[in-house]
Amino acid sequence: MRKETKDKGRRILRPVVLLFARLGISPSSVTLAAIPLSLGAAFLFKYGFFPWAGIITGLVGLCDTIDGELSRLTGKTSSAGAILDSTIDRLSEGIIFIGIAWYYLEINHIFVLMTLLASLFSFMVSYVRARSEGVGRDCQVGFFERPVRVVVLMFSAIVLGKRYFPFGVGLIFAGTLFTFVYRLLYVLRPKA
């Protein structure tokens, strides 16, 4: 995601982050709040309440953004917090995809497979970046990072609804597959 886009998002969320800091809410609390929200979104997807599931998915995405901003603002950044954040991000995203797959289990197995593949490549997009940075290689390339996936899920659930929701999942599958391959090729190229 482009730096300008991230900076705009940070400016929009700044009042919320400042409020959380004044209230003494810790970044880890915001991170952990994503788990019950993800379970709620998965439950809502599973039972076909797609617009509500989309809204809750958006709240999960906000937790992911706010926790990092809050940790920077309050000076509570740590390697343990970063590991917790990344782990909860993967867990919450996986939980939501499980709810979606579960909904389509009795409707269309192709949609289930597409949801599982979207989930797999979502994880791989994040994994390649984390692994690359772990060995000292920059990997901030590609478009289908988590904020984009959250927006696509939200839009698909709220606007497209149950009937056309698979188009959104298909877009996530295609976008994450492309981003995964692009990132992998990017980091495997010889250093200049």
Interatomic distance, [X] atom [atom1] to [Y] atom [atom2] [nearest 0.5 angstrom]:
X	Y	atom1	atom2	answer
L116	L120	CG	CG	9.0 Å
T57	I96	OG1	CD1	4.0 Å
L19	R14	CG	CZ	12.5 Å
L171	T176	CG	OG1	9.0 Å
I98	L105	CD1	CG	12.0 Å
I95	L39	CD1	CG	4.5 Å

Provide the closest heavy-atom pair for [X] versus [Y] in the form atom of the first, atom of the second, distance.
X	Y	value
S92	V60	OG-CG1, 3.9 Å
E69	V17	CB-CG2, 3.7 Å
I25	L70	O-CD2, 3.2 Å
F144	I172	CE2-CA, 3.8 Å
I56	L37	CG2-O, 3.1 Å
V187	C139	CG1-SG, 3.6 Å

Residue that, paired with F45, satisfies ring-ring contact (aromatic ring centres under 6.0 Å, His included) out of F111, W102, F165: F165

Would you check if [X] and [Y] make a side-chain contact, meaning some heavy-atom pair closer than 4.5 Å?
X	Y	answer
R137	E133	no
F97	S122	yes
M114	P166	yes

Please tell me whether [X] and [Y] are part of a single hydrophobic cluster in this structure, the criterion being side-chain heavy atoms less than 4.5 Å apart.
X	Y	value
L44	L91	no
V151	I158	no
V135	F180	no
F178	F123	no
I107	I110	no

Between S71 (side chain) and G68 (backbone), is there a donor-acceptor pair under 3.5 Å? yes

Going by the angle between their ring planes, with limits at 30° and 60°, are [X] and [Y] parallel, tilted or perpendicular?
X	Y	result
Y186	Y182	tilted
F50	Y104	perpendicular
Y47	F43	tilted

[X] atom [atom1], over 12 foreign heavy atoms within 6.0 Å:
X	atom1	answer
R189	CZ	yes
Y127	OH	no
L18	CG	yes
R131	CZ	no

With a 4.0 Å cut-off on N to O distance, would you call E145 and R129 a salt bridge? yes

For residues 27-36, dump all side-chain donor-acceptor pairs below 3.5 Å to protein atoms at least two apart in sequence or in another chain.
residue, atom, partner, partner atom, Å
S29, OG, S26, OG, 2.8
T31, OG1, P27, O, 3.1
T31, OG1, D67, OD2, 2.7

Quick one: salt bridge (charged side-chain N to carboxylate O under 4.0 Å, His left out) pairs with a partner in residues 149-162, sequence neighbours left out? E93-R149

Quick one: salt bridge (charged side-chain N to carboxylate O under 4.0 Å, His left out) pairs with a partner in residues 47-66, sequence neighbours left out? D64-R146

Tell me, with the steps shown, if R183 and V125 meet side chain to side chain contact (heavy atoms under 4.5 Å, CB included). CA-CA 7 Å; R183 281 186 171 184; V125 164; 3.4 Å; yes

